Amino acid sequence: MSVQSISSWRGVHAGSCHAWPLPADATCASVARHVFRDAVHELGLEPELLDDCVLMASELAANTLHAQVVAGAGGGGSRLASVSPDVEGEPTRSAGPAPYVARGHHAPRGQHAHRARQPSRAAAPAPVLLAAPTPPAPRPAPESQPELWLYLRGLGTRRELICKVFDSSRGWRHGAPPSTSRAPWMAVSGRGLQLVEELSSGRWGYHLTRSRLGGWGLRGKAVWFAVPAPLAHARLVDVTGLRAYTDSADVTADRASERLSARQAARELETMLDGRGFGGTVVRDDRPAHDMSILSICRGLTVWCRSGVVSLTTPAGSSHRWQYADLVEAAEQTVRHFEELDLERDLARAE
């Protein structure tokens with residue numbers, strides 16, 4: 001992951017998640033607009049779409065002011081109702097494309113990044129996992145700032161820009177996740193997530209996660225939207241002078257990720273998880289003869305790395321797959337599934 005200060009604009013690059021701190025006050029929306037516009041100016045977004053994205057980023061940032069109200073009232077962590085995941089592992093408000101099952105991308109830059117994958121259907125030895133690690137408990141943390149995250153997901157015409165805003169409350173001000181299908185659920189701006197719903201054409205959602213800027217593994221939630229970004233890092237001018245879609249950058253990314261072994265991919269993923277508060281709790285089982293590595297996150301939650309594919313299996317028996325180009329997404333979804341399992345345990349203990 002690339003951690004950037006508010007005064008540092010270095011764009012958004014495939015294979016990395018870029019994160020900025022936002023002020024925990026009424027200026028957070030204007031800062032988010034500034035950060036977003038400067039960070040994505042080279043991604044080839046059409047001007048009208050760019051303006052919509054800037055507005056959506058502003059609304060997500062303004063929404064974090066509600067998190068401060070929840071935190072001040074006692075956290076609201078157990079007030080976050082369960083949500084059903086869709087085919088790509090995001091909550092049901094997501095309408096984004098399912099992840100590829102192909103080969104991927106280059107290693108992420110900066111401090112933290114995310115990678116993983118799964119065994120193919122070819123016969124392979126069953127994993128002999130060590131005793132499931134003790135679920136990582138985040139260390140106490142000081143009061144945090146909201147965070148703005150940007151990264152690219154997918155390749156070619158399916159590539160999209162993901163914008164997420166993190167806050168340190170796992171709950172919602174009104175005790176349940178927002179629903180734009182009923183009476184207005186407004187953020188402080190007066191338009192709130194209904195506006196995000198409209199401008200993103202339903203490509204938005206929310207999930208439990210952990211901070212990227214707090215090395216202590218600070219817990220909370222992220223609200224996000226996705227927009228198409230097929231020209232990102234692949235803009236060319238053809239002989240007619242028109243911009244043309246090209247797969248050249250994707251070919252380069254594919255070749256870079258194909259050179260990764262399962263062990264390398266698993267090591268990168270483990271490093272990313274370490275930066276989210278999982279240090280010393282993940283058990284890794286490398287099997288070089290089969291180019292396969294297995295990461296045991298907690299009982300029933302396992303990441304497989306093999307043949308250019310990341311696979312995450314859950315205690316419920318579901319499986320989520322990504323290519324190596326989407327290690328950032330794979331790691332984020334691993335954190336999300338762990339946090340949801342942990343919340344279920346908390347709620348069960350409270351009954």
Side-chain angles (χ1 to χ4, degrees), residues 1 14-17 85 87-90 97-108 112-133 151-156 158-159 250-276 278-279 281-338 341:
M1 180 190 68
S16 295
C17 180
V87 293
E88 65 178 325
E90 297 281 12
Y100 284 172
V101 182
R103 300 184 194 271
H105 197 105
H106 68 282
H112 319 297
H114 312 290
R115 301 201 168 188
R117 76 183 188 191
Q118 140 173 12
S120 69
R121 295 184 181 276
V128 180
L129 297 179
L130 303 179
Y151 63 92
L152 295 170
R153 177 171 70 189
L155 293 173
R158 290 171 58 90
R159 180 188 282 112
D250 299 330
V251 170
T252 301
D254 266 343
R255 290 175 178 171
S257 60
E258 284 174 357
R259 291 194 293 268
L260 285 175
S261 67
R263 178 185 293 176
Q264 290 171 320
R267 185 180 298 127
E268 289 197 26
L269 177 59
E270 189 174 15
T271 298
M272 299 172 198
L273 294 175
D274 285 352
R276 309 291 289 280
F278 288 78
T281 66
V282 176
V283 175
R284 192 175 85 221
D285 180 10
D286 294 324
R287 303 186 181 189
H290 298 278
D291 189 32
M292 179 172 70
S293 289
I294 306 164
L295 294 176
S296 180
I297 311 302
C298 67
R299 187 175 300 279
L301 190 62
T302 306
V303 175
W304 307 74
C305 299
R306 189 178 185 186
S307 303
V309 176
V310 178
S311 177
L312 174 67
T313 56
T314 70
S318 62
S319 179
H320 309 274
R321 293 159 63 93
W322 301 269
Q323 59 183 346
Y324 273 179
D326 285 327
L327 294 179
V328 171
E329 179 74 3
E332 178 63 17
Q333 293 304 318
T334 300
V335 175
R336 180 184 75 84
H337 278 281
F338 176 85
L341 289 172

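This is a predicted model, so every value here is computed, not measured. Starting from 1, each residue takes its place in the sequence as its number.
Relative orientation of the F278 and F338 rings is perpendicular, given thresholds of 30° and 60° on the angle between their planes.
For R263 against P288, the heavy-atom pair with the smallest separation is NH2-CG, 2.8 Å. Heavy-atom minimum distance, L260 versus E268: CD2-OE2, 4.0 Å. Pairing each heavy atom of C305 with each of A262, the nearest pair is O-CB, 3.3 Å.
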Please assess R287 against I294 for the test side-chain contact (heavy atoms from CB on, under 4.5 Å), listing each intermediate value before the final yes or no.
-> CA-CA 8 Å; R287 303 186 181 189; I294 306 164; 4.3 Å; yes
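D326 contributes no side-chain N or O that, together with a main-chain N or O of R153, makes up a donor-acceptor pair within less than 3.5 Å.
Taken from CD in Q323 to CG in L155, the straight-line distance is 4.5 Å, to the nearest 0.5 Å. To the nearest 0.5 Å, atom CG of residue L312 and atom OG of residue S318 are 7.0 Å apart. Separation of atoms CD (E332) and CG (L273) is listed at 10.0 Å; rounding is to 0.5 Å. Annotation: the span from H320 atom NE2 to Q333 atom CD amounts to 7.5 Å, rounded to 0.5 Å. Interatomic distance, T281 OG1 to D274 CG, rounded to the nearest 0.5 Å: 8.0 Å. To the nearest 0.5 angstrom, Q264 atom CD is 9.5 Å from S293 atom OG.
Between R299 and L341, every side-chain heavy-atom pair lies at or beyond the 4.5 Å cut-off. In this structure the side chain of V328 never reaches within 4.5 angstrom of the side chain of S16, judged on heavy atoms. Between H337 and I297 there is no side-chain heavy-atom pair separated by less than 4.5 Å.
None of V303, T314, V282 except one satisfies the side chain to side chain contact (heavy atoms under 4.5 Å, CB included) rule with T334; the exception is V303.
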